[in-house]
Asks: 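Just dropping this structure here.
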Amino acid sequence: MHDPTNAEVAAALDELGDLYELDGAIIHRVVAYRNAAKAVRDAGVSVVAMAREGRATELPGIGPTIQDKLVALADEGTIPAAVKLRAKFPPGLIEMMRLPGLGPKRARRLFDELGIDSVDALGAAAEEQRLRLLKGFGPKAEEGILAAIQAARREDHGQRTVLDRALAVGEALVDALRAEPSAVRVELAGSVRRMSDTVKDLDVIATATDPQALIQAAGSLEMIGSASAVSHSGARLRTHTGLQVDLRIVAPDQFGNLLQHLTGSKEHNMALRDLAVRKGLHISEYGVLDDATGQTHRCATEEEVYGLLGMSYIEPELRENRGELEAALAGTLPDLVGLTDLKGDLHCHSTASDGTASIEQMAAAARTAGYEYLAITDHSATMGFGSDVSPEELRRQIDAIRSSEVDGIRLLAGSEVNILPDGSLDY
DNA sequence: GCCGTTTTCGGCCCGACTGTTTTCAGTCG
């Protein structure tokens, strides 16, 4: 029997949180389990091993009670409280409460009062219009539930877009909006601004001399397929590529508040607000309310928002509540590696094998990017693809690379480059 | 259930929206 991994422990804590939520526990207790699950997921060492030594409480969000439950999970393979609750609530209930529009309270009432214990049973009951018998449920609820079930079955909900595709669409959209006469400032927010690996949708915020004109113009852009939820403050757009875009127009003196709010992450914002409350400040997308004066500070920039909390500016890429808030308070935020820090590329293929550009073209591109060196690493015949390169041809290519005349860039033959332990190059 | 340069008890992020209600609970981002 192996010790449960951190991922397994975290899943067990999340499940217990779900079960307690169905059981009607106060939300803070449920949140405590989810926080603990996150702490376990983020831990770099075995949390079960820590628990056995009584040290799991060293992790933020894990106290004596969860420490004990972790030991039980390690010793008995399960948490007794979870066993008890699983007997009370069928697994289908957890699936039901995950449907958009349903939550723990409503899922629980459907189970208690109508005996509905699975998504399938729920769908059947909605079809037969039996849900409206319940107080608080009406025709709209039945409609919404059926739509949610269909969406879940189609599995197109929860589908995410890889960053490079989302970023390309987002930057094109921002460029197009900036070209509108009514636009003053247009920026990407959300997970794409944090450079998350994948994103669910795009958030764009803007200031404008004529908000209505900009919203109208956005809906008629060539790349936009449809616009919905159009209001005085924004619109929901969908690109032809299928990506959803939430556009928000904001007053210039609140641009920083909204940009900070919509950039997230949710975890970062929750921790930031929690920290602010301890200082008597309340952060929202509209401003920062100071308990002491009753005044709400509107911030044109994010620097002002973080500054009010005594923090230096936090780069979007760091906003995941992984210690960046503490570092911003202590002034120990790291300098992020940026494109300008890249000194070269040690893996590229030319038209000599399966690349699409010549050595000279790539060297010129590398020089434009500010690189110091570029290693050409074309396939040899032993790789089994690309053109068949004999040892003689390889030698000729190395000579060609060495004799290529491109100013300001050092060209290396990949087969002859070694990276030394200290990171320097030997060739 | 966790946590504390406001507390060992009493708090725990903020606001909008929705459908169903006669003032709001539940859900969402």
Side-chain angles (χ1 to χ4, degrees), chain A residues 13-14 16-17 19-40 56-70 79 81 96-110 131-145 147-148 157-158 189-191 194 199-203 205 228-229 231-234 236 244 246 248 250 254 257-258 260-289 291-292 296 305 309-310 321 325 329:
Chain A
L13 291 173
D14 272 330
L16 195 49
L19 289 166
Y20 276 130
E21 192 171 29
L22 278 172
D23 202 33
I26 61 161
I27 191 62
H28 303 112
R29 192 167 156 220
V30 175
V31 167
Y33 277 95
R34 292 187 180 145
N35 285 339
K38 180 186 185 303
V40 170
T57 52
E58 289 173 15
L59 295 171
I62 295 186
T65 305
I66 292 181
Q67 149 81 36
D68 287 350
K69 287 185 157 78
L70 294 182
I79 301 172
M96 276 167 59
M97 83 178 188
R98 295 247 164 78
L99 289 171
L102 273 192
K105 300 276 165 49
R106 281 153 61 88
R108 177 71 193 277
R109 287 195 48 221
L110 290 165
L131 301 186
R132 63 185 68 178
L133 303 176
L134 236 56
K135 201 176 149 114
F137 286 79
K140 291 265 190 177
E142 287 169 343
E143 218 173 279
I145 282 168
H157 98 117
S191 51
R194 301 199 313 278
V199 310
K200 185 163 71 68
D201 54 20
L202 294 177
D203 291 290
I205 70 178
S228 60
S231 74
H232 66 282
S233 63
R236 170 159 294 169
Q244 181 179 299
D246 287 323
R248 288 279 300 270
V250 65
Q254 289 176 307
N257 298 113
L258 188 64
Q260 195 285 320
H261 175 78
L262 287 182
T263 297
S265 65
K266 187 176 125 208
E267 288 74 19
H268 173 88
N269 283 354
M270 284 175 66
L272 184 70
R273 292 189 196 123
D274 183 53
L275 205 141
V277 167
R278 291 165 206 272
K279 294 172 185 269
L281 300 169
H282 302 272
I283 301 175
S284 78
E285 65 189 275
Y286 304 107
V288 180
L289 170 66
D291 278 342
T296 296
V305 178
L309 297 165
N321 191 28
L325 295 171
L329 281 170

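Naming convention: chains lettered A, B, ... in sequence-line order (proteins, then strands); numbering from 1 in each chain.
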Asks: Would you indicate whether the side-chain heavy atoms of A:D246 and A:L262 approach each other to under 4.5 Å?
Replies: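 When only atoms from C-beta onward are counted, A:D246 and A:L262 do not touch, as no gap falls below 4.5 Å.
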Asks: Have a look at A:L275 and say if it touches a base, only the backbone sugar-phosphate, or nothing, with a 4.0 Å heavy-atom cut-off.
Replies: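 Since no nucleic acid heavy atom lies under 4.0 Å of A:L275, the category is nothing.
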Asks: Say you pick atom C1' in B:dG4 and the same atom in B:dT8; how far apart are they, in whole Å?
Replies: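 Nearest-Å result for B:dG4 against B:dT8 at atom C1': 8 Å.
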Asks: If you measure from the P atom in B:dT6 to the same atom in B:dC2, how many Å do you get, rounded?
Replies: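 My reading of the P atoms in B:dT6 and B:dC2 gives 23 Å.
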Asks: When the C1' atoms of B:dC9 and B:dC14 are considered, how many whole Å apart are they?
Replies: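 Per the computed distance, 25 Å lies between those C1' atoms.
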Asks: Going through the distances and angles, do A:Q260 and A:H268 end up as a side chain to side chain contact (heavy atoms under 4.5 Å, CB included)?
Replies: CA-CA 10 Å; A:Q260 195 285 320; A:H268 173 88; 3.8 Å; yes
Asks: Reading DNA chain B in the 5' to 3' direction, which nucleotide is the first one with an atom under 4.0 Å from a heavy atom of chain A, and which is the last?
Replies: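 Extent of the interface on DNA chain B: B:dG1 to B:dC28.
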Asks: Would you mind classifying the nucleic acid contact of A:L262 as base, sugar-phosphate or nothing, using non-hydrogen atoms under 4.0 angstrom?
Replies: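 No contact.
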Asks: Whether the side chain of A:R248 engages the backbone of A:G234 through a donor-acceptor N/O pair (distance < 3.5 Å, no angle test) should be reported.
Replies: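 Side chain of A:R248 to backbone of A:G234, a donor-acceptor pair under 3.5 Å: no, none is there.
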Asks: Check every strand shown and say whether A:I27 touches a base, only sugar-phosphate, or nothing at a heavy-atom separation below 4.0 Å.
Replies: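 Here A:I27 touches no strand at all.
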Asks: As a test of understanding, state which of A:R34, A:K105, A:R108 forms a side-chain hydrogen bond (donor to acceptor under 3.5 Å, both in side chains) with A:E21.
Replies: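 Testing each of A:R34, A:K105, A:R108 against A:E21, the sole residue satisfying side-chain hydrogen bond (donor to acceptor under 3.5 Å, both in side chains) is A:R34.
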Asks: Roughly how many Å apart are B:dC13 and B:dG19, using the P atom of each and rounding to a whole number?
Replies: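 My reading of the P atoms in B:dG19 and B:dC13 gives 28 Å.
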Asks: Is the number of heavy atoms from other residues, nucleotides or ligands within 6.0 Å of NZ (A:K38) greater than 12?
Replies: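 Yes, the 6.0 Å shell around NZ holds more than 12 heavy atoms from other groups.
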Asks: Quick check on contacts: within residues 277-285 of chain A, what sits under 4.0 Å from DNA chain B by heavy-atom distance?
Replies: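 Hits under 4.0 Å, by residue number: A:V277, A:H282, A:I283, A:S284.
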Asks: For DNA chain B, which residues in residues 264-273 of chain A have a heavy atom at a distance below 4.0 Å?
Replies: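 Only A:M270, A:R273 qualify.
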Asks: Please state the P separation for the pair B:dT20 and B:dC28 - nearest whole angstrom.
Replies: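 Per the computed distance, 15 Å lies between those P atoms.
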Asks: I'd like to check the side chain to side chain donor-acceptor pair (under 3.5 Å) partners of A:H282; sequence neighbours left out, ordered by chain and number.
Replies: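 Partners of A:H282 by the side chain to side chain donor-acceptor pair (under 3.5 Å) criterion, ordered by chain and then number, come out as A:D291.
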Asks: Show the numbers, then the answer: is there a side chain to side chain contact (heavy atoms under 4.5 Å, CB included) between A:K279 and A:L309?
Replies: CA-CA 8 Å; A:K279 294 172 185 269; A:L309 297 165; 4.3 Å; yes
Asks: Base, sugar-phosphate or nothing for A:R29? Non-hydrogen atoms, less than 4.0 Å.
Replies: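 It contacts base atoms.
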Asks: Would you please test A:L102 and A:M97 for side chain to side chain contact (heavy atoms under 4.5 Å, CB included) and show each step?
Replies: CA-CA 5 Å; A:L102 273 192; A:M97 83 178 188; 5.6 Å; no
Asks: Between A:K135 and A:G101, just flag the one whose closest nucleotide in DNA chain B comes earlier from the 5' side.
Replies: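 Taking each residue's closest nucleotide, the earlier one in sequence belongs to A:K135.
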Asks: Between B:dG15 and B:dG10, how far apart are the C1' atoms? Round to whole Å, please.
Replies: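 That atom pair is separated by 24 Å.
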Asks: Identify, between A:K105 and A:I66, the residue whose nearest nucleotide on DNA chain B lies closer to the 5' end.
Replies: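 Its nearest nucleotide being more 5', the pick is A:I66.
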Asks: Is there a donor-acceptor pair under 3.5 Å between the side chain of A:R236 and the backbone N or O of A:Q244?
Replies: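 No; judged by distance alone, with no hydrogens or angles, the pair does not exist.
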Asks: Mind checking the P distance from B:dC12 to B:dT18? Whole angstroms is fine.
Replies: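 Taking atom P in both B:dC12 and B:dT18, they lie 27 Å apart.
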Asks: Could you tell me whether the side chain of A:N269 reaches within less than 4.5 Å of the side chain of A:T263, counting heavy atoms only?
Replies: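 No, every pair of side-chain atoms sits at 4.5 Å or beyond.
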Asks: Which residues satisfy the side chain to side chain donor-acceptor pair (under 3.5 Å) test with A:R106, sequence neighbours excluded?
Replies: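 A:R106 satisfies side chain to side chain donor-acceptor pair (under 3.5 Å) with no other residue.
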Asks: Write out all pairs satisfying side-chain hydrogen bond (donor to acceptor under 3.5 Å, both in side chains) with one or both partners inside residues 131-140 of chain A, taking only residues at least two apart or from two chains.
Replies: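 Passing the test, one end in residues 131-140 of chain A: A:R132-A:E142.
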Asks: Please measure how far the C1' atom in B:dG11 lies from the corresponding atom in B:dA16, and state the result in whole Å.
Replies: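 To the nearest whole Å, 25 Å.
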Asks: When both hydrogen-bonding distances must be under 3.5 Å and the geometry is Watson-Crick or G-U wobble, what is B:dG11 paired with, if anything?
Replies: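 Its partner is B:dC2 (Watson-Crick or G-U wobble, both distances under 3.5 Å).
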